[in-house]
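Structure, as structure tokens:
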Amino acid sequence: MPAARESLLDAAYAALTERPWTAVRMVEVAAAAGVSRQTLYNEFGSKEGLARALVRRETDHYLAGVARALSRGAPAAGARGDAAAPIVAAAAWTVRTARANPLVRAALTGCWGDRLPPAPTGPGAPAPGGAPRPGVPAQRAAPPGEGPLPGPAELVGRFCDQAVAALRPGWPEEELPALGTACETAARLTLSWVLAPPAPGAAPAPGRVPPQRSRREPDTEAVSRLVRSAFARMTAGTRPADRS
């Protein structure tokens, strides 16, 4: 039931913005989503299963946003556009999303605060099993083929792969390795900005989602300049826009 699943994940995320994950109760998540606790357990199997599904959804949304940013910034086929624009847009999206979403920030950095669900213990490892506790509905096994939750290395790799794919049209084949190196450097610079922002006072408290802001953040502008400068240096003389 996709609608119920999304409602449950929305309710779980909303609860996480108000209190630590250890204080989030399954019965409250189910009530907020307007479904029974049995439906919640049927859908996710356990609280650990709910946490894994929530992390996966948020990281999937983040990666979809990277793809959108790259697509919007990419020049049309054959056009002499701003070669750095797509990756600058993706870097800015990453910083904004990591600031606003504690689960994305934790997945990108590997830093799981005590307000968040426990960090994954292994690639795709199922949630710990055990006998049901009294009063807890029967739980199904974790869905097969769910796959590992993405960590920092995979997310940086996906960022880089998407950036290369967006910028590749019109790039000379022999210079694609330089493009790949430039995209990876930009991705890692962006991640370093997420790990150690220059203005810690502007960062949200762990597990909290800050209010929306109406103007571009200074740190987003700064990381955009940094990524643009690094990308330009590493691709000097190789970009399609530099060729006659």
(request) Indicate the atoms forming the closest heavy-atom contact of L167 with C183, along with that distance. (result) CD1-SG, 3.9 Å

(request) Output the distance between atom CG (L195) and atom CG (L108), rounded to the nearest 0.5 Å. (result) 8.5 Å

(message) Under the rule for side-chain hydrogen bond (donor to acceptor under 3.5 Å, both in side chains), what residues qualify as partners of T190, not counting sequence neighbours?
(response) none

(message) Any salt bridge linking E28 with R19? Criterion: basic side-chain nitrogen under 4.0 Å from a carboxylate oxygen.
(response) yes

(message) Testing the basics here: between A91 and V223, what is the closest heavy-atom pair and its distance to 0.1 Å?
(response) O-CG1, 4.4 Å

(request) Kindly give the heavy-atom pair with the smallest separation between R5 and A53, and that separation in Å. (result) NH2-CB, 3.7 Å

(request) Determine whether the side chains of T97 and R105 contain a donor N or O and an acceptor N or O closer than 3.5 Å. (result) no

(message) I'd like to check the side-chain contact (heavy atoms from CB on, under 4.5 Å) partners of A32; sequence neighbours left out, ordered by chain and number.
(response) A11

(request) Would you indicate whether the side-chain heavy atoms of L8 and V35 approach each other to under 4.5 Å? (result) yes

(message) Can you list everything that forms a salt bridge (Lys or Arg N to Asp or Glu O under 4.0 Å) with R57? Sequence neighbours excluded, please.
(response) E6, D10

(request) Any chance you could lay out the side-chain contact (heavy atoms from CB on, under 4.5 Å) test for F231 and L226, step after step, and finish with the verdict? (result) CA-CA 9 Å; F231 188 87; L226 177 66; over 6 Å; no

(request) Can you sort out the partners of T181 under side-chain contact (heavy atoms from CB on, under 4.5 Å), two or more places apart, ordered by chain and number? (result) T185, M234

(request) Drop me the distance from E48's CD to W21's CH2, to the nearest 0.5 angstrom. (result) 9.0 Å

(message) Can you tell me how far apart OG1 (T59) and CG (L103) are? Round to the nearest 0.5 Å.
(response) 9.0 Å

(request) Would you confirm whether S192, through its side chain, and L189, through its main-chain N or O, come within 3.5 Å as a donor-acceptor pair? (result) yes

(request) List the steps and the verdict of side-chain contact (heavy atoms from CB on, under 4.5 Å) for R99 and T220. (result) CA-CA 10 Å; R99 183 196 306 120; T220 303; 3.0 Å; yes

(request) Could you pull out the closest heavy-atom pair between W193 and A222, with the gap in Å? (result) CZ2-CB, 3.5 Å

(message) Contact between V55 and L116 at the side-chain level, heavy atoms closer than 4.5 Å - yes or no?
(response) no

Let me have the donor-acceptor pairs involving side chains of residues 150-164, under 3.5 Å, with sequence neighbours excluded, atom names and distances please.
residue : atom : partner : partner atom : Å
E154    : OE2  : R158    : NH1          : 3.3
Q162    : OE1  : A67     : N            : 3.3

(message) Can you confirm whether F44 sits close enough to L54 that some side-chain heavy atom of one is under 4.5 Å from a side-chain heavy atom of the other?
(response) no

(message) I'd like to know if the side chain of S229 pairs up with that of R233 as donor and acceptor (distance under 3.5 Å, no hydrogens or angles considered).
(response) yes

(request) Considering non-hydrogen atoms only, spot the tightest contact between A12 and V29 and give its length. (result) N-CG1, 4.0 Å

(message) Can you tell me how far apart OG1 (T235) and CD1 (I87) are? Round to the nearest 0.5 Å.
(response) 9.5 Å

(request) With sequence neighbours excluded, tell me which residues meet side-chain contact (heavy atoms from CB on, under 4.5 Å) with S36. (result) Q38, T39

(message) What's the separation between atom CZ in R168 and atom CG in L179, rounded to the nearest 0.5 Å?
(response) 9.0 Å

(message) Once salt bridge (Lys or Arg N to Asp or Glu O under 4.0 Å) is applied, what residue pairs with a partner in residues 188-197 remain, sequence neighbours excluded?
(response) E184-R188

(message) Minimum heavy-atom separation for W171 and A83, please, with both atom names.
(response) CZ3-CB, 4.3 Å

(message) Are R115 and T22 packed together at the side-chain level, in the sense that at least one heavy-atom pair is separated by less than 4.5 angstrom?
(response) no

(message) Measuring from atom CZ of R25 to atom CZ of R37, what distance do you get when rounded to the nearest 0.5 angstrom?
(response) 8.5 Å

(request) Look at the rings of W93 and Y62 and say which category their plane angle falls in: under 30° parallel, 30 to 60° tilted, over 60° perpendicular. (result) parallel

